Amino acid sequence: MHLNHPDITKVLVTADQISVRVAELAAELDEYYADKDPLLVGVLKGAVPFMADLSRAMELSTTQDWMAVSSYGSGTISSGVVRILKDLDTDLDGRHVLIVEDIIDSGLTLSWLTSNLATRGAASVEVVTLLRKPDAAKVKIDVRWVGFDIPSDFVVGYGLDYNERYRSLDGVGVLAPSVYS
Ligand code: XMP
Ligand code: MG
């Protein structure tokens with residue numbers, strides 16, 4: 001679905017900008033993980049397009065697994081309560097884990113997730129996120145790779161949803177407030 005859509009009031013990142021940035025990130029990851037056999041852990045469902053594009057842009061062979069956690073419910077405000085809805089199938093012992101996230105807002109989800117995965121014996125836990133909002137600076141988490149820093153508006157597209165809609169938009173934009181008010 002094209003980002004040029006009546007429910008999108010502002011375009012933040014176009015499909016072309018995403019593919020250029022994904023290629024840059026993939027090259028950095030190829031170098032960083034050259035001798036580490038990384039396990040990419042995607043956070044469902046928002047990270048699906050990013051994980052698919054990023055892993056295919058990498059030349060390294062990777063293994064991939066998925067986790068589903070809930071932090072937002074169906075609304076637009078972070079609850080701070082993180083629950084595992086679907087856990088990994090992979091044993092993390094000795095693995096170099098790269099968490100692949102769609103967006104970091106308050107950072108609550110990610111700080112919980114990184115410490116959870118670190119307790120499972122991983123050799124390393126790093127994070128790559130496509131998007132980061134300004135509030136993320138308030139939480140002390142080391143995010144090694146960031147695609148784009150964006151304003152704190154609620155955004156949709158490229159995996160990000162509002163009530164499960166708009167995930168298939170090819171870029172990222174701000175949803176018209178009239179849609180959710
Ligand atoms: P926190 O606040 O814990 O939030 O860093 C991370 C998770 O919240 C969701 N999130 C969004 N989803 N548009 C969305 O569709 C947004 O603007 C947005 N901000 C945060 C997302 O699931 C992310 O993993
Ligand atoms: Mg979501």
Side-chain angles (χ1 to χ4, degrees), residues 1-15 17-18 21-22 25 40-55 64-88 97-118 125-181:
M1 198 159 81
H2 197 268
L3 196 53
N4 181 6
H5 185 282
D7 293 349
I8 300 300
T9 48
K10 192 165 129 202
V11 170
L12 284 184
V13 194
T14 66
Q17 289 170 322
I18 290 173
R21 189 71 186 112
V22 163
L25 292 170
L40 308 192
V41 170
V43 184
L44 293 169
K45 304 169 189 171
V48 168
F50 184 41
M51 176 92 132
D53 287 348
L54 186 68
S55 61
Q64 306 176 9
D65 202 346
W66 299 91
M67 265 183 98
V69 297
S70 83
S71 59
Y72 260 45
S74 62
T76 62
I77 304 193
S78 191
S79 64
V81 180
V82 180
R83 242 170 1 120
I84 296 182
L85 305 177
K86 185 230 169 279
D87 208 342
L88 299 172
V97 174
L98 176 63
I99 299 173
V100 180
E101 258 285 25
D102 50 359
I103 189 165
I104 306 173
D105 187 355
S106 71
L108 289 171
T109 308
L110 197 62
S111 80
W112 180 89
L113 195 57
T114 47
S115 39
N116 181 285
L117 297 191
V125 180
E126 299 290 347
V127 179
V128 58
T129 184
L130 179 72
L131 305 167
R132 180 173 63 183
K133 290 185 182 177
D135 277 352
K138 292 182 197 159
V139 185
K140 250 199 101 225
I141 13 166
D142 226 11
V143 182
R144 201 175 269 270
W145 299 279
V146 177
F148 302 92
D149 280 298
I150 60 167
S152 30
D153 317 80
F154 190 79
V155 298
V156 295
Y158 199 72
L160 292 157
D161 71 304
Y162 174 68
N163 282 349
E164 297 301 325
R165 301 247 166 228
Y166 308 103
R167 291 192 197 276
S168 63
L169 285 170
D170 62 2
V172 176
V174 178
L175 191 59
S178 59
V179 176
Y180 54 81
S181 58

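Remember, predicted model here, so these are calculated numbers, not experimental data. Every number for a ligand or one of its atoms is a count from 1 in the order of the listing.
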Atoms of ligand 1 close to Ser106 [distance to a heavy atom under 4.0 angstrom, numbered from 1]: 1 (P), 2 (O), 3 (O), 5 (O)
Those atoms of ligand 1 less than 4.0 Å from some heavy atom in Thr109: 1 (P), 3 (O), 4 (O), 6 (C)
Residue part near ligand 1, for Asp102, under 4.0 Å between non-hydrogen atoms: side chain
Contacting atoms of ligand 1, where contact means under 4.0 angstrom from a heavy atom of Glu101: 24 (O)
Ligand 1 contact by Val43, heavy-atom criterion under 4.0 angstrom: no
Leu110 near ligand 1 by a heavy-atom separation under 4.0 Å: no
Numbering as shown, the atoms of ligand 1 that approach Leu108 to under 4.0 Å (heavy-atom distance): 3 (O), 5 (O)
Heavy atom of Val156, distance to ligand 1 below 4.0 Å: no
Contact atoms of ligand 1, heavy-atom distance to Val155 under 4.0 Å: 13 (N), 14 (C), 15 (O), 16 (C), 17 (O)
Proximity flag Gly46 to ligand 1, non-hydrogen atoms under 4.0 Å: no
Atom indices of ligand 1, in the order listed, that fall short of 4.0 Å to a heavy atom of Gly107: 1 (P), 2 (O), 5 (O)
Under 4.0 Å to a heavy atom of Lys133 - the qualifying atoms of ligand 1, by number: 16 (C), 17 (O), 18 (C), 19 (N)
Aromatic ring pairing His5/Tyr166, orientation class (parallel under 30°, perpendicular over 60°, tilted between): perpendicular
